[in-house]
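Working notes for the structure below.
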Amino acid sequence: MDRNAKVAVTLGDPAGVGPEVIVKALAALPREERRDFVIVGNVEALERADRVTGTGLRFGPADAPGDDRIAVDEVALGAALPEIGKVSSVAGDASVRYITRAVDLAMSGQADVIVTAPINKEAMNLAGHHHDGHTGLLAHLTGSKSSFMLLASERLNTIHVSTHISLKGAIERAKTERVLATIEAGHRHFLRLGKTARIAVAGLNPHCGENGLFGTEDTEFLAPAVEQAQAKGIDVVGPISADTVFARAYNGAFDLVIAQYHDQGHIPIKLVAFDTAVNVSLGLPIDRVSVDHGTAFDIAGTGKANHVNMLSAIAYARLMARSPRQRV
C-alpha cells in the first residue's frame, strides 16, 4: 500500500453483495473522506460492482496528488474472479486472502481499523479454511487465545459469551471464567469510548433457573462471575432473566447485556436494529468492525443490496480509530 490509510475495508466474499455495499457506501461519503480508506480486494470485483450499482467510482493505487480513485490494495486470487451468487472454494479462498492482508496492514500499523464485508462460511471451508467465520479466523491470524463478539446499535448493545457453536457447547462454555472475561471485555470497550457501562448479565436458563428448578448454571457459574466483576469495580448486575433484560436495556436501564449464546443476543438486536447494528470484535490486538448481514447470494449482482449497514460499520470503525486503546 503506497499511502497511509486509516480504515482498511475487506471485500468479503467476491461472489456476494460485499463489493456492492462497499462501493455504494463509499459513494455516499464526501469525496475528501474517501481518501481515508483502502479496499483490500480486487479492482476487477469492484468495477463489476460499480457497473451494477452505477456509483461512477474509480479504483486503483490512488497515490498521485489529486487522484480521486478509491485506493485498492490488490490481492492476487490465483484464479479467475468467481461467478456472482455462487458458493465456491475460489471465492472462499479469496475472502480469507483479503482478511489476512488486512490483518497484516493493521498489525503493522498501516491501518488503524478493519471493516469487513460479509463472507460465506461454507465457501471458506470448501477452500480448506476451517474456521467458524471472521471471529475465529481473526483470532487465529492475530495469535489471540479468543475474542468476543459485540453487536452494537444505538439503543441496544450485547456481547456474547459464545457465538458459533452448538447450543449444547454454548451451555458448556458458560462457566465463571468465560463469563467474567466477557464482562471485562465489554467494560474495557465502553471505557475506551469514554463511558462507564451499566452492564447486565442475561441468565442462561428460563427465569435464571428459578432457584434450581430449571437448572443450576445461573447460580453456580453466572452469579459468581458477576460478584467477581463487582469486586473489581465494574458496574454489573445479574444474572437477570433473558426474557426481560433486553427490553430493559433497550428502554435505557443498561448500556450492555452479556448474552450467553449466539441467538440469545442476536435475536433482540436483529429485531430492533436489523439494518444498523454492527459486529465488533473485542479482545484482539487489532480493531475490527463488520456489517451484521450475510453474503445475500440471492440478490448479489443486482445492485439492490442495502448499504446502510456498511455505512454504520464505517462510522463505528472511525469512532474506534479516534479512541485510543486503554488498559484497565
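Side-chain contact between Val17 and Phe297: absent, with no pair of heavy atoms (C-beta onward) separated by less than 4.5 Å. Considering only heavy atoms from C-beta on, Val289 stays 4.5 Å or farther from Asn279 through its side chain. Counting heavy atoms from C-beta on, the side chains of Ile299 and Thr302 come closer than 4.5 Å. Contact annotation: the side chain of Val21 never approaches that of Asn306 to less than 4.5 Å [non-hydrogen atoms, C-beta and beyond]. For the pair Val278/Ser290, no side-chain contact is recorded, criterion being any heavy-atom separation below 4.5 Å from C-beta on. In this structure, the side chains of Val115 and Thr10 stay at 4.5 Å or more apart for every pair of heavy atoms.
With 3.5 Å as the limit, one finds a donor-acceptor pair spanning the side chains of Thr55 and Asp50. Looking at Ser162 and Arg173, their side chains never bring a donor and an acceptor atom within 3.5 Å of each other.
Between Lys195 and Asp255, the shortest heavy-atom contact is NZ-OD1, 2.8 Å. Nearest approach of Ala174 to Phe221, heavy atoms of both residues: O-CB, 3.5 Å. Smallest separation of non-hydrogen atoms from Met107 and Pro285: SD-CG, 4.0 Å. A pairwise comparison of heavy atoms in Leu156 and Tyr250 identifies CD1-N, 4.1 Å as the closest pair. Taking each heavy atom of Leu284 and Ala139 in turn, the nearest pair found is CD2-CA, 3.9 Å. Across all non-hydrogen atoms, the minimal contact from Ala249 to Val257 is CB-CG2, 3.6 Å.
For Asp93 (side chain) and Ser89 (main-chain N/O), no donor-acceptor pair under 3.5 Å exists by modelled atom type. Under a 3.5 Å cut-off, the side chain of Lys24 and the backbone N or O of Ala305 do form a donor-acceptor pair. Judged by distance alone, with hydrogens and angles left aside, the side-chain atoms of Ser144 form no donor-acceptor pair with the main-chain N or O of His140 at under 3.5 Å. At least one donor-acceptor pair closer than 3.5 Å links the side chain of Glu20 to the backbone N or O of Gly301. Side-chain atoms of Arg34 come within 3.5 Å of backbone N or O of Leu29 as a donor-acceptor pair. Listed for the His160 side chain is no donor-acceptor partner under 3.5 Å among the backbone atoms of Ala259. Under a 3.5 Å cut-off, the side chain of Asn309 and the backbone N or O of Asp275 do form a donor-acceptor pair. For the pair Asn120 (side chain) and Glu122 (backbone), a donor-acceptor distance under 3.5 Å is present. At distances below 3.5 Å, not a single donor-acceptor pair connects side-chain atoms of Arg69 with backbone N or O atoms of Arg58. In this structure a side-chain-to-backbone donor-acceptor pair under 3.5 Å is present from Asn42 to Val75.
Within a 6.0 Å sphere centred on CD of Glu154, heavy atoms belonging to other residues, nucleotides or ligands number 12 at most. Within a 6.0 Å radius of CD in Glu47, more than 12 heavy atoms belonging to other residues, nucleotides or ligands are found. The number of heavy atoms from other shown groups lying within 6.0 Å of CG (Asn251) is above 12. No more than 12 heavy atoms of other residues, nucleotides or ligands shown are found within 6.0 angstrom of CD on Glu44.
Under the 4.5 Å side-chain heavy-atom criterion for ILVMFWY residues, no single connected hydrophobic cluster contains both Val113 and Met149. Under the 4.5 Å side-chain heavy-atom criterion for grouping Ile, Leu, Val, Met, Phe, Trp and Tyr, Met124 is not connected to Val90 through any hydrophobic cluster. Both Val179 and Ile171 sit in one connected hydrophobic cluster of ILVMFWY residues. Membership requires side-chain heavy atoms under 4.5 Å apart, directly or through other members. Val161 is connected to Phe190 through a chain of hydrophobic side-chain contacts under 4.5 Å among Ile, Leu, Val, Met, Phe, Trp and Tyr, so both are in one cluster. Cluster membership check: Val87 does not share its hydrophobic cluster with Ile84, using side-chain heavy-atom separations under 4.5 Å among Ile, Leu, Val, Met, Phe, Trp and Tyr.
Between His262 and His164, the two ring planes are tilted [angle within 30° to 60°].
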- Take Val237 and Val201, measure what side-chain contact (heavy atoms from CB on, under 4.5 Å) needs, and give me the verdict at the end. CA-CA 6 Å; Val237 295; Val201 175; over 6 Å; no

- Message: Using the rule given for salt bridge (Lys or Arg N to Asp or Glu O under 4.0 Å), can you reason through Glu184 versus Lys232, listing the C-alpha separation, both sets of side-chain angles and the distance that settles it, and then say yes or no?
- Response: CA-CA 9 Å; Glu184 291 175 328; Lys232 295 183 177 186; 2.5 Å; yes

- Going through the checks in order, is the side-chain contact (heavy atoms from CB on, under 4.5 Å) test met by Leu151 and Asp292? CA-CA 8 Å; Leu151 296 184; Asp292 191 30; 4.0 Å; yes

- Check the pair Tyr98 / Asp73 against side chain to side chain donor-acceptor pair (under 3.5 Å), numbers first and verdict last. CA-CA 9 Å; Tyr98 303 150; Asp73 193 309; over 6 Å; no

- Stepwise side chain to side chain donor-acceptor pair (under 3.5 Å) check, Asp218 with Asn205: CA-CA 7 Å; Asp218 293 272; Asn205 294 303; 3.0 Å; yes

- Before giving the answer on side-chain contact (heavy atoms from CB on, under 4.5 Å), spell out for Ile199 and Ile234 the whole-Å C-alpha distance, their side-chain angles and the decisive distance to 0.1 Å. CA-CA 8 Å; Ile199 304 173; Ile234 298 175; 4.0 Å; yes

- Run the numbers on Glu217 and Gln260 for side-chain contact (heavy atoms from CB on, under 4.5 Å), then give the verdict. CA-CA 11 Å; Glu217 290 87 356; Gln260 300 305 318; over 6 Å; no

- Intermediate values then yes/no, salt bridge (Lys or Arg N to Asp or Glu O under 4.0 Å), Arg35 and Asp68: CA-CA 8 Å; Arg35 294 190 63 82; Asp68 66 352; over 6 Å; no

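Taking CD1 from Ile114 and CD1 from Ile99, the interatomic distance works out to 8.5 Å, rounded to the nearest 0.5 Å. Rounding to the nearest 0.5 Å gives a distance of 10.5 Å between NE2 of His129 and CD1 of Ile119. Note that CZ of Arg97 and CG of Leu11 are 14.0 Å apart. Values are rounded to the nearest 0.5 Å. For the atom pair His189 NE2 and Leu191 CG, the distance stands at 10.5 Å (nearest 0.5 Å).
Note that Arg198 lies outside the cation-pi zone of Phe254, set by a 6.0 Å cut-off to the ring centre and a 45° limit from the axis.
Among Asp36, Asp287, Asp112, the one residue that satisfies the salt bridge (charged side-chain N to carboxylate O under 4.0 Å, His left out) test with Arg318 is Asp36.
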